[in-house]
Amino acid sequence: MQKYLPHIRIPFKLFSDERIKKIPEEYRSSSLLILIALLKFVNSQTGKCYPRQATISSMVCLSRSTIYRCTEWLQDVGILKKKRLKSTLLYMINPEYIVNKKIDVSSRDYNVSRKHIPSFMMTDISKTIIKEPSYITNIIKEVADKGGDKNVIIDKLSTLPRSTLIKALEEKDNPFYVKQAMIVQDSKGNGKLVDLPKNIMNDIRKKKHFGYQQKVSKTKRDYDRKIKSKDLLRSDSQD
């Protein structure tokens, strides 16, 4: 039984936000709905998500062209940024719209000009080390791109070797999903001893008993003697 139902966390300010009000009325409600859908997939630490337009379309029941126009408006007013990847779009959502997001100096500015930020608060991109996504992160991204929710991600991770999950947990790599995957593995009995049927256990005990082993050995010796006697008598009769 789940401890809580899956949900999307959105800030209250979203419903009275000045940026939202800058979007034309004909696209405003659709843009708000699309933003909420993106918040389902967003990584709260990086502010990024990779859902396909087909996935968003199936969630909000809007056409791809409407999704494209609305995300363009959301980008124009500074709520998100888009970047074309090989097979999908990368959405980077303004940290102000992500609940419990720790906003650092480098993530405060979403305006291209940067004119209102002092130079000492700006991050030097040339000195920034970009960390490649981990194996666990790539699996989560792949499942999310296909429209999978939290439960699908956990089920997928639970198929990984236990050693891989333990290593990921030690490295603090998506610890929530990793812990849940390990719980699923434990519930399925992966890596646990299984009780053998009673008849099999009795058979094992019987074969290990000293008296039984002596009886088997004696029976074998008697059988071998009978065979040798028959062979001897057969050879005498032929002579």
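All residue numbers refer to positions in the sequence shown, counting from 1.
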Would you kindly confirm whether Leu165 and Phe176 end up in one hydrophobic cluster when ILVMFWY residues are joined by side chain heavy atoms under 4.5 Å apart?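 Same hydrophobic cluster.
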
Are Leu33 and Phe12 connected, step by step, through hydrophobic side chains (Ile, Leu, Val, Met, Phe, Trp, Tyr) whose heavy atoms are closer than 4.5 Å?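 No.
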
Which heavy atom of [X] sits nearest a heavy atom of [Y], and at what distance?
| X | Y | result |
| --- | --- | --- |
| Leu74 | Ser31 | CD1-O, 3.7 Å |
| Val77 | Arg19 | O-CD, 3.0 Å |
| Ile154 | Gln180 | CD1-CB, 3.5 Å |
| Asn94 | Gly78 | ND2-O, 3.2 Å |

Of Lys83, Lys82, Lys81, the residue whose pairing with Tyr91 passes side-chain contact (heavy atoms from CB on, under 4.5 Å):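 So the option named by the test is Lys82.
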
Before you tell me yes or no, could you show the steps for Val42 and Tyr97 under side chain to side chain contact (heavy atoms under 4.5 Å, CB included), namely the whole-Å CA-CA distance, both residues' side-chain angles and the distance that decides it to 0.1 Å? CA-CA 11 Å; Val42 72; Tyr97 298 88; over 6 Å; no

Interatomic distance, [X] atom [atom1] to [Y] atom [atom2] [nearest 0.5 angstrom]:
| X | Y | atom1 | atom2 | result |
| --- | --- | --- | --- | --- |
| Ile23 | Cys70 | CD1 | SG | 7.5 Å |
| Ile20 | Arg28 | CD1 | CZ | 8.5 Å |
| Ile93 | Ser44 | CD1 | OG | 11.0 Å |
| Tyr135 | Leu157 | OH | CG | 9.0 Å |
| Leu35 | Ile8 | CG | CD1 | 10.0 Å |
| Leu90 | Leu85 | CG | CG | 5.0 Å |

Would you call Asp224 and Arg221 a salt bridge, taking side-chain N to carboxylate O under 4.0 Å as the test?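 No, no charged N to carboxylate O under 4.0 Å.
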
Residues Lys146 and Glu142 bridged, charged N to O under 4.0 Å: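 Yes, charged N to carboxylate O under 4.0 Å.
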
Within 45° of the six-membered ring axis of Phe41 and under 6.0 Å from that ring's centre, is NZ or CZ of Lys141 located there?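 So Lys141 doesn't make the cation-pi contact.
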
Can any side-chain N or O of [X] pair as donor or acceptor with the backbone N or O of [Y] at less than 3.5 Å?
| X | Y | answer |
| --- | --- | --- |
| Gln185 | Leu160 | yes |
| Ser158 | Asp155 | yes |
| Asp149 | Val152 | yes |

Pair listing, salt bridge (Lys or Arg N to Asp or Glu O under 4.0 Å) test, anchored in residues 53-69, at least two apart: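 The answer is none; no pair qualifies.
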
Pairs under 3.5 angstrom only: tabulate donor-acceptor contacts from the side chains of residues 48-57 to other protein residues two or more places apart or in another chain.
| from | atom 1 | to | atom 2 | distance (Å) |
| --- | --- | --- | --- | --- |
| Arg52 | NH1 | Ser87 | O | 2.9 |
| Thr55 | OG1 | Asp145 | O | 3.3 |
| Ser57 | OG | Leu62 | O | 2.6 |

Step through the shown structure and confirm whether more than 12 heavy atoms of other residues, nucleotides or ligands are within 6.0 Å of NZ on Lys167.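 Result for NZ/Lys167: open.
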
Find out whether Leu169 and Met182 are in side-chain contact, i.e. whether some heavy atom of one side chain is under 4.5 Å from a heavy atom of the other.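 A side-chain contact exists here, since the closest heavy-atom pair is under 4.5 Å.
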
Under the side chain to side chain contact (heavy atoms under 4.5 Å, CB included) criterion, do Lys40 and Met59 qualify, and how do the steps go? CA-CA 11 Å; Lys40 173 186 176 182; Met59 289 177 59; 3.7 Å; yes

Side chain to side chain contact (heavy atoms under 4.5 Å, CB included) between Lys156 and Tyr177, worked out: CA-CA 10 Å; Lys156 179 72 173 178; Tyr177 285 111; over 6 Å; no

Given Leu14 and Ile36, is the side chain to side chain contact (heavy atoms under 4.5 Å, CB included) satisfied, shown in steps? CA-CA 9 Å; Leu14 192 62; Ile36 293 173; 4.1 Å; yes

